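Here is the structure we will look at, set down as structure tokens.
Keep in mind that the numbers below use all heavy atoms, side chains included, and drop hydrogens, waters and symmetry copies. In the text below, chain A, chain B and the rest are named by the order of the sequence lines, each starting its count at 1. Only a predicted model underlies this, so the values are computations on that prediction, with no experimental measurement involved.
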Amino acid sequence: MSAPLCLIDCNNFYVSCERVFRPDLNGVPVLVASNNDGCAVARSAEAKALGIKMGEPIHLIKDKIKAHSIRVLSSNYTLYADVQRRIIAALEPFAKDIEVYSIDENFLDLAGFEHLDLVAHAQAMRERVLQWTAIPTCVGIGTSKTLAKLANAAAKKNPLFDGVADLRDEQTRNWVLDRFSVEDVWGVGRATAAKVNALRIATAGHLRDMPMKQARSVGGVVLERIVAELRGIPSSAVEVMEPPRKGMAVTRSFGKPVTDFETLMGAIAQYASRAGEKLRNHGLVAGRLTVFFHTNRFKDNAAQYGASRMLTLHPMTNDTLELLQAARKGAERGWKEGFAYTKAGIMVEDLIAADARPRTLFEAGDDRRDRLMGALDAINGKFGKMTALTATQGFKREWRTKADLKSPAYTTRISDVPVVRC
DNA sequence: TCTGGGGTCCTAGGACCC
DNA sequence: TCTGGGGTCCTAGGACCC
């Protein structure tokens, strides 16, 4: 029998974070919007009950928002990241290892805790997180990540579990697996679900009983692993170390469509500069840069065009000005006049540690540019983002992302810290 | 007028090279 | 008459995740 592990997942995480500082948002329907205030990416229980779906475009549900006075907030990732940090600190004593899987989910390796009543243990961690951060959570226990995920979903869905579901017991496991459809299984999306549905495999239980060979031929190694995990055979362990990054991206939709090259280039320069900051923060250099931009794909009746151009960075670099130069070259190559562009982005790939960077023949010991980048980061760190910037980034920036409904930086900016008056 | 951003992994065709 | 195969690079897109 494999060692137990669990998944602790925050309930309606972004909404819960907003509610910590806004008690008036309790008990009423709340939505948190994606960047550009485009889609609903988090919904309170009340909003879910009104039938609002994950990822639903805000502008398509304007009437519903008005009719039910749904509160809509722009996303405030600085706040959410800070709350996440506090949650991980609260979980520390409850596990051998913690894998931070996403902003609101953590896998905990419970090896060495088997002698405890794990359901009580999980209740204690929920209590601790609630006490330290005021964020409600649910916990799923199992012998593989896929089972822990399913257990968590069961704990969320069925109040009988009281926030903690343990699938190590065979009867409970079978009961849960028979009640979730294949599409609810972690790693099974719409396309795979349709394929196995055609074979009369409808529930997670059916999927567990699918012959391995068949799983392999229908969905490759990915589906084969899922079937094994549903049988309680783990195919991936709880990993503390983050695997090395393959790439990084900075992409944004525009607040307003862009039709001329220099304005587009302003946005691209901004993203390239942000990509440089991210690389330097992680101590990495990149060997390739891709720049892309495209028109609004949701508009069927508008002329469509998109371009994506990859450039080799030689020597490998994290220097904003060099990234910018490459980005401009790529943007010029892909540019076509006469379209309304709504999104652009920069991706850097081929990443290696900056101190392991291969030197080129003509690279002298000149570190002026490194010092310039250091100074740029220091200024923007001290005086706020975009205090110092390149002229290409421009000053009007009409394409800027919308975030009209954003909450204050309650926990990370001193002027935004709530004041309690007695 | 208004439809997110950031990841990973995989596939596939054409260009080009040896 | 017979018209290769394997590698890499580039571009594009699909599938899935949160």
Can any side-chain N or O of [X] pair as donor or acceptor with the backbone N or O of [Y] at less than 3.5 Å?
{"X": "A:Asn152", "Y": "A:Leu7", "value": "yes"}
{"X": "A:Tyr80", "Y": "A:Asn76", "value": "yes"}
{"X": "A:Asn36", "Y": "A:Gly38", "value": "no"}
{"X": "A:Arg19", "Y": "A:Leu25", "value": "yes"}
{"X": "A:Asp9", "Y": "A:Val139", "value": "no"}

- Check whether any side-chain nitrogen or oxygen of A:Lys149 sits under 4.0 Å from OP1 or OP2 of C:dC18, and answer yes or no. yes
Exercise. Verify the contact: side-chain N or O of A:Lys402 to OP1 or OP2 of B:dG4, cut-off strictly under 4.0 Å; return yes or no.
Key: no
Give the nucleotide from the list [options] with an atom nearest to the side chain of [X].
{"X": "A:Arg309", "options": "C:dA12, B:dC2, C:dC18", "value": "C:dA12"}
{"X": "A:Pro57", "options": "C:dC18, B:dT3, B:dG5", "value": "B:dT3"}
{"X": "A:Arg252", "options": "B:dG5, B:dG7, C:dA15", "value": "B:dG5"}
{"X": "A:Lys246", "options": "B:dT8, B:dG5, C:dC18", "value": "B:dT8"}
{"X": "A:Ser253", "options": "B:dG5, B:dG7, B:dT3", "value": "B:dG5"}
{"X": "A:Trp186", "options": "C:dC18, C:dA12, B:dT3", "value": "C:dC18"}
{"X": "A:Ser308", "options": "B:dT3, C:dC17, C:dA12", "value": "C:dA12"}
{"X": "A:Asp104", "options": "B:dG6, C:dC18, B:dT3", "value": "C:dC18"}
{"X": "A:Thr251", "options": "C:dA15, B:dC2, B:dG5", "value": "B:dG5"}
{"X": "A:Tyr77", "options": "B:dG4, C:dC10, B:dT3", "value": "B:dG4"}

Using a heavy-atom cut-off of under 4.0 Å over every strand shown, decide if [X] touches base, sugar-phosphate, or nothing.
{"X": "A:Arg297", "result": "nothing"}
{"X": "A:Asp37", "result": "nothing"}
{"X": "A:Val222", "result": "nothing"}
{"X": "A:Met248", "result": "sugar-phosphate"}
{"X": "A:Pro257", "result": "sugar-phosphate"}
{"X": "A:Val185", "result": "sugar-phosphate"}
{"X": "A:Lys343", "result": "sugar-phosphate"}
{"X": "A:Thr192", "result": "sugar-phosphate"}
{"X": "A:Lys195", "result": "nothing"}
{"X": "A:Gly247", "result": "sugar-phosphate"}
{"X": "A:Glu56", "result": "nothing"}

message = Looking only at the side chains, is there a donor atom on one of A:Gln325 and A:Arg328 sitting less than 3.5 Å from an acceptor on the other?
response = no
- Using the C1' atom on both, measure C:dG4 against B:dC17 and round to a whole Å. 14 Å
> Looking only at atom C1', what distance separates C:dC2 and B:dC16, rounded to whole Å?
Replying inline: 25 Å
Rounding to an integer number of Å, can you tell me how far [X] [atom1] sits from [N] [atom2]?
{"X": "A:Ile58", "N": "B:dG4", "atom1": "CD1", "atom2": "P", "result": "11 Å"}
{"X": "A:Leu73", "N": "B:dG4", "atom1": "CG", "atom2": "P", "result": "18 Å"}
{"X": "A:Tyr14", "N": "C:dC18", "atom1": "OH", "atom2": "C1'", "result": "8 Å"}
{"X": "A:Arg288", "N": "C:dT11", "atom1": "CZ", "atom2": "C1'", "result": "12 Å"}
{"X": "A:Asp350", "N": "C:dT8", "atom1": "CG", "atom2": "C1'", "result": "13 Å"}
{"X": "A:Asn35", "N": "B:dG5", "atom1": "CG", "atom2": "C1'", "result": "6 Å"}
{"X": "A:Met310", "N": "C:dG13", "atom1": "CE", "atom2": "P", "result": "14 Å"}
{"X": "A:Glu105", "N": "B:dG6", "atom1": "CD", "atom2": "P", "result": "19 Å"}

Does the plane of the ring in [X] sit parallel, tilted or perpendicular to the ring in [Y]? Use 30° and 60° as the thresholds.
{"X": "A:Trp186", "Y": "A:Phe107", "value": "tilted"}
{"X": "A:Phe261", "Y": "A:Trp335", "value": "perpendicular"}
{"X": "A:Tyr14", "Y": "A:Tyr77", "value": "perpendicular"}

For DNA chain B, the expected dot-bracket line (Watson-Crick or G-U under 3.5 Å, [ ] crossing, | inter-strand) is ....||||||||||||||
Residue pair A:Gly38/A:Ala249 against DNA chain B: nearer the 5' end by closest nucleotide is A:Gly38
is_close_aromatic(A:Tyr305, A:His294), centroid dist under 6.0 Å
no
